[in-house]
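For reference, the structure discussed in these notes is given below.
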Amino acid sequence: MPTVVPLFEAKRFAVHDGPGVRTVLFVKGCPLRCRWCHNPEGQQSQPELAYYEHKCRQCGECVAVCPQGAHAMADGRHVFNRAACIGCGACEEVCLGRALKLMGRPVTVEQARQIVLEDCEFYADGGGVTLSGGEPLLYPDFCAELFTRLKADGIHCALDTCGAVGWECFERVLPHTDMFLYDVKHADQARHCQYTGLSNRQIVENLKRLAQCGVPVEIRIPVIPGFNDDPVSVRALGLLLHGLPSIVAVRLLPYHQAHSKYEAIGCPDHMPDADTPTPARMAAIAAQLAESSGQTLR
Amino acid sequence: MIATGTLEQDKAYLWSKFKDPVFDPDTGLDSETIKANVLKLAEELKHLPHPVVKARAFEYVARHVRIDVNPHDWFVAFGCYDRWNRPLDGLVAKWDREVDDTRLTTLQLMQNLKQSGACGMGKDFDHSVPDWDALFALGFPGIRQRARSYRRRRQDSGQLTPEAEAYFDGIEITYTAILDMLGRFRDHALKHADGDERVLACAACLDSLIQGPPTNTYEVLQLIYLYFMISEYVDRLQVRSLGNLDRTVYPYYRKDLQEGRYTEAQIREFFAYFMMQFASIANPWGHPFYFGGTRRDGQSEINELSYLILDEFDKLDICSPKLQLKISPNTPTEFIDKAVDIIRRGRNSMVFLCEPSIKRAMMGYGATEEEARTCDITGCYEFVPRARGNTTIVAYLNMLKPLELALYDGVDPFAGIDLGCRTGGLDAIRTFDDLHAAYLKQLGHIIESAIRCANDFEQHLNFINPTNAYSATIENSLATARDAFHDGSIYNISSILTAGFATAVDAMMAVREFVFEKQELSLQQLKDVLRDNWKGHEKLRLRMLQGRSKYGNGIDAVDFYAETLSRFLGNKINMRPNGRGGFYLASMHTPPRYYLTHGQKTGATPDGRLAGEEISRNISPTMGMDINGVTALIRSATRMDSALHPADFPLDVMLHPATVEGDEGLVAMRTLLNAYMQRHGIAIQFNVFDADTLIDAQSNPDKYRGLQVRVCGWNVHFTDLSRKEQDMFIRRAQNISG
């Protein structure tokens, strides 16, 4: 049985997810439910149909092909009954407005490898592949197998993780991974739990163990106004990272609202109603964090 | 003594210099009088050969045109400043008519090609590059002196035919008139300087250029500007490259600094005023110069002057001159990053040209390694052996028209014109291969027809517009006593361009998918639907528009077909003898506007396009059809062999600003450049902006006066584009994500 994962996007020419130019493979399924999540289509592991209402041409082509009757036309308008949808993707093929998109098509290791290899000429300046999500370590065998093959192809392999998985998942991929992108959200357990649905205990423990393994780790911290951008939270995050070896950089990612994605997949939207931090604000937080963590900020 | 103004203070003068300048009427005659007198003079001299008549007319203009040497400028001002109303326009137009009326046998054919939208055509006097090295080394008097010695040599060997004599007379009269004209400028400056340091310095500069070759940076820039103005505005031959200034000006720059003649700040000022001339001319096609290249020892030509010039350009925030960067693996990363940084700040006015791929393409038509390595970049992104080649653009193919002709058995459905090639219509097309064969036959027939027409009119280029000023700079022309823009260069190249290449690929692939593979409709039904411009078939149109087989997405089967078509173009066109002792080369370059005008003359096409809509340009995808991102686009484009298109092979890439932010953004753009170069791509230009910005710019043009875009090698302000063209950019930008 080939190892298969649900893939919801292959982003080519990605330049901010690891070194150089990369292809980022986003897999579906995530143990966290961060309120600010800007990839809500990555949370559930089963396929989901995204429906971009504004693109719909009311052509009705989807009605004819849907085996579940999830699509209907009423008074000349398209009506989508999400509860009936099984995520087969038949409607995506016939949609004339590109308004329907199936999130989560199963790919095998070899299919994923081929997607990555198509752009191998663009990885020259240290680029390569990044597995992201969702949480790729929900599929440790897939990750390990894909990285094993891609490393044989000479491709740099990075893995973007939220860390909320058992340590054995890390152990499975460690020998094949060139770099980890490790997401850290908050140092306080209760606050972490309140905003992401899970405590950060496992995440912090895994990070400390991972930092001892000698594989470069880039820390990624989403800066969420009202959650982790106050001086106390920033300082606590800094102290958490202080003295950890193997950390090559800490990158701060400014919060952006992305409501349209929630709407498209019909997922409850709890995104904070906050503005994107200004570059000046980001620089100030970076300075605080650099001081308390002693790490290099990017 | 009057204090010299700063650039900011002088900008008002500089911006008006080519729009509504003020000249002292005492310095000469108004342009209408000059034009009338030129025609009268030509009538009196009509028994003389054209090079001599034109040189006399040139001389008349040089003596009578109004002039100025202004305290607000380091460069002189010509009374003939209007590109659309040049003093010799009437004379050249008269000879042009004479050729059309009495000598051409293919006028009707050419008319048919143009009217049907199958192929644009025309005589091209817009793409000359003089031998800048010779001009610098010899100066204006030395160029005349060198021509005299070639004349003497010919006379001594008894080979001074009447035709050769006319050729040398033309040069002698022209260059003597040039020197006299410089004298007029100098004397005017001295007379009106009123103690102004800059005007006096200009007078001294002119005096030096009258005596001999330029001796310093200021003189050399004045010489470039003077030659440009003289050739383009007086001698009526457009100059399409100012050369690679970082190489040509460098020795003067070094010497000036070493000898303390000028400070670096002064040299920066000269360059700023120099570039402002071309910004002020503001012709839509722009006036290029280029950076870089490779020296004989394999080192890059990039030096500290390259950085200085780029700096000054950056500060000016102007569209023209447009900059071309000849890059190769030896080009310093720092310089590429500097250029890329300017581009990503919205200054989309540069194009990169990959030297190894140019070399490969040029050596493929017989150029030597050195000729290929040292070629000049000219026009939008063309390249030509330095001082040894001329290029004209004679025809612009519409790649969609052959498909229409295949469906209508050679009769154009747009204008009802029979273009004369029978492929049997629908009855003869049972498979996709049949359609492909008919398409190629129709395309081949258009190319043959275009070549017949171009051979016919290009025989008379030197009759219509003998190029005295230019020919004198080209040594092979002097040695052969033949016009350098006709047959007097070593490489006399005519190029045939294309428009709608990607759209044609998409259209053919759509027919294959929907008619021959899925069999959703018959070819007859498709023909009817297209004739009715999809009326009543909107769903079908959308399906065909969104079909999976679109060029630019890295799809093997589509790219294979694109490669086949591009190979046919190359095989059919390259190395065919032209009408002036040279040969044709194929180009994938689409001239500005032809993607619109050809589109207007083309009915609905099977790719889902509506009648009259624009078609694709260069090797770029049809607007909005590249949905797999920039890496897939580059893979598709470079699946074709660029060496099959040695006249040009340009790709337009649009990037979202978020993609190119920060240090990673620099790496990303450099990576794209390198990948394109490694895959033998030739020219690549970036437009960096997001759709929201463009939409906002469309509604609030005042807020976005500085937003530049590159269209087919022309730099323009986005707000100056037509609504339709703006929409095209917006649609393409909507396809890219951050």
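Quick note on labels: first sequence line is chain A, next is B, and so on, each numbered from 1.
- Residues A:Glu121 and B:Ile634 fail the side-chain proximity criterion, which asks for heavy atoms closer than 4.5 Å.
- Looking at heavy atoms from C-beta onward, B:Val630 lies out of side-chain contact with A:Arg12 at the 4.5 angstrom threshold.
- Atom CG of B:Asn533 sits in a crowded spot, with more than 12 heavy atoms from other residues, nucleotides or ligands closer than 6.0 Å.
- When all heavy atoms of A:Glu92 and B:Arg548 are compared, the closest pair comes out as O-NH2, 4.4 Å.
- Nearest heavy-atom pair across B:Glu664 and A:Val15 is CB-O, 3.2 Å.
- Contact tally against chain A (heavy-atom pairs below 4.5 Å) for B:Asp663, B:Val667, B:Asn674: the top residue is B:Val667.
- Contact count against chain A (heavy-atom pairs under 4.5 Å) is highest for B:Arg679 among B:Gln678, B:Glu661, B:Arg679.
- No more than 12 heavy atoms of other residues, nucleotides or ligands lie within 6.0 Å of CZ in A:Arg77, so this atom counts as exposed by the packing criterion.
- Of the options B:Lys539, B:Glu538, B:Arg543, a side-chain contact (heavy atoms from CB on, under 4.5 Å) to A:Cys59 is made by B:Lys539 and by none of the others.
- Smallest separation of non-hydrogen atoms from B:Thr671 and A:Phe122: CG2-O, 3.0 Å.
- Few gaps surround CD on A:Gln58; more than 12 heavy atoms of other groups in view lie less than 6.0 Å from it.
- Few gaps surround CD on A:Gln111; more than 12 heavy atoms of other groups in view lie less than 6.0 Å from it.
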